[in-house]
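Below: the structure, in structure tokens.
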Amino acid sequence: MLCDICTTNQATVHLTEIIDEQMTELHLCEECAKNKSMDMEQQFGLADLLAGLTDIGKAQVEGKEAVKLKCLVCGLTYDDFRKIGRLGCSECYTSFRKYLIPLLKRIHGSNKHYGKTPLVLTKPVRMKSDAAELKENLEKAIQAEEFEEAARIRDALKALEKKASENK
Amino acid sequence: MQLNDLLNHTSEWLKGTGPHSDIVMSSRVRLARNLEGRLFPHWASKAQAEETMNILKQVIERNDYLKKTTFFRLADLDSVDKQFLVERHLMSREHASKPDSKAIVMEDGEIISIMINEEDHLRMQVMKSGFDFLESWEIMNQIDDSLSKELTYAFSSELGYLTACPTNTGTGMRGSVMLHLPALVIARTIEKVLAAISKLSFTTRGLYGEGTQAIGNFFQISNQVSLGHNEDEIISNINGLIRQVIEHEEQARAILIKQQKAFLEDRVWRGYGILKNAVIISSQETTELLSMVRLGADLDILKDIDRRTINELFILIQPAHLQKLEGKKLNSQERDEKRARIIRSKLVK
Ligand SMILES: [Zn+2]
Ligand SMILES: [Zn+2]
């Protein structure tokens, strides 16, 4: 099936849109879907973005399989989440990862935590692996020419190294 | 501590002390935390929610930083008590509206308060009078660290603290400031300032949080982003933004005094006059007029009036406070009369 917008690429994203109480199916390629969702973001702003979680009337970029997706730990479905705007347990973050990561990016402009860690977790070993992970991310960011992100990671890395040396 | 003891105590956010307290009423830092392996409050069974509450109660009661706190189950409080705590900014309206398996823990000085089983298992708040984020954050951070030694928080090194709503994921942190911005409102530049603030991913709300109107020229500004920045960055971003808003308000005040002195004095003295003489008055009208009187005191138009007295009035005139002072339930008309009596007794010497 070809994309409804550009009619050249293969359609991989299927979304339902309700216009004038008529349900329309749209089949899009990844690129056009991305543009479409960016359009919607600008239209609705951040507050509505979340309100939109509970509004099934709006276009659903997630596609149909997302609705049936269920967290095996707490039994909450992704559809429940969209209706109530709350997750059921911390494992939901793993269960719905595919959809939550882009959502977090849209809300916060990032999907990586740079803040504090619970004390019980803050052991030297942990710090080393955190630092290694940050270094990896830094390289990725530089390769992708995301320089703002790279600068942020560099700062976080510095702070971490400073903390590690203080703890010695 | 008994709830009624609070009546003789000035709410921390109304003390009128601390840096820039002419414009900044209070600075609040809030952290959202959840326990690993337990369903979030709205999705948990009643039995599990009760169990969560009891675990947290025990840990909080033996914590060194939380020695001077009292624990209240919301189910044990009547509707006036709950409203009373909302008016004092010690808990949210949402928390008060569904009391099942919920609790509130608060410190005698009202600086620290903890909601149990609100949207997350723990919603901890530190509130200081004036513009004092660093101090609030320091206290909050210590409490959080010491609790994390006894509780296993739901945490991932990639996404941070895992919260019921993805808007709080990461640091779980919200910093908010309550600002009094009468000059920006009078000068009609407030919309511009608010628009600029929302572009920077901060939200503005009224005196009583989500969905409330900005009456009495009070605006609550908080950060919206909790992921991708660490706590210090979040604090310094808010600090920077608030410093600018304070500057705008100060400039607007200076211009008003210079260019519209008579107009300003008129509004202040009229407000003062009505408050001192009214026999029946609504809380909205009171709040609007008190805002002018407060501005008058800040600008030395009203000389022998104590800012703390004015600040206290903002809260004493709220419905639950009036009923607590009277010691019984009052209907809306009785409240409007009681309100006017209290204001007169405080302002007429
Ligand atoms: Zn396409
Ligand atoms: Zn779950």
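Note that the structure is a prediction, hence the values are computed from the model and not measured. All chains are named by letter (A, B, ...) in the order of the sequence lines, taking the proteins before the strands, and each is independently numbered beginning at 1.
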For chain A, which of [options] has the most heavy-atom pairs under 4.5 Å?
{"options": "Asn141(B), Val225(B), Leu151(B), Leu227(B)", "answer": "Leu227(B)"}
{"options": "Glu231(B), Arg33(B), Glu233(B)", "answer": "Glu231(B)"}
{"options": "Ser146(B), Ala154(B), Ala164(B)", "answer": "Ala164(B)"}
{"options": "Asn34(B), Thr171(B), Leu147(B), Leu159(B)", "answer": "Leu159(B)"}
{"options": "Arg38(B), Glu119(B), Glu36(B)", "answer": "Glu119(B)"}
{"options": "His229(B), His42(B), Met173(B)", "answer": "His42(B)"}

Can you measure from [atom1] ([X]) to [atom2] ([Y]) and round to the nearest 0.5 angstrom?
{"X": "Tyr153(B)", "Y": "Leu119(A)", "atom1": "OH", "atom2": "CG", "answer": "9.5 Å"}
{"X": "Trp43(B)", "Y": "Asp80(A)", "atom1": "CH2", "atom2": "CG", "answer": "4.5 Å"}
{"X": "Thr169(B)", "Y": "Leu87(A)", "atom1": "OG1", "atom2": "CG", "answer": "7.5 Å"}
{"X": "Glu158(B)", "Y": "Asn111(A)", "atom1": "CD", "atom2": "CG", "answer": "6.5 Å"}

message: So does Ser226(B) get a backbone contact from the side chain of His113(A), meaning a donor-acceptor N/O pair under 3.5 Å?
response: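 Not confirmed, His113(A) side chain does not pair with Ser226(B) backbone.
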
task: Over all heavy atoms of both residues, which pair between Pro166(B) and Gly85(A) is shortest? Give the atoms and the distance, please.
output: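 The pair with the smallest heavy-atom distance is CD-O, 4.3 Å.
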
statement: For Tyr93(A) and Thr163(B), the nearest pair of non-hydrogen atoms, with its separation, is OH-O, 2.6 Å

- prompt: Can you tell which of Gly88(A), Gly75(A), Ser90(A), Gly115(A) has the highest number of heavy-atom pairs within less than 4.5 Å of chain B?
  reply: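 Top count of heavy-atom pairs under 4.5 Å with chain B: Gly88(A).
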
- prompt: Should we say atom CZ of Arg62(B) is surrounded by more than 12 heavy atoms from elsewhere, each under 6.0 Å from it?
  reply: yes

- prompt: Passes side chain to side chain contact (heavy atoms under 4.5 Å, CB included), Asn230(B) versus Lys116(A)? Steps please.
  reply: CA-CA 7 Å; Asn230(B) 70 30; Lys116(A) 68 184 287 194; over 6 Å; no

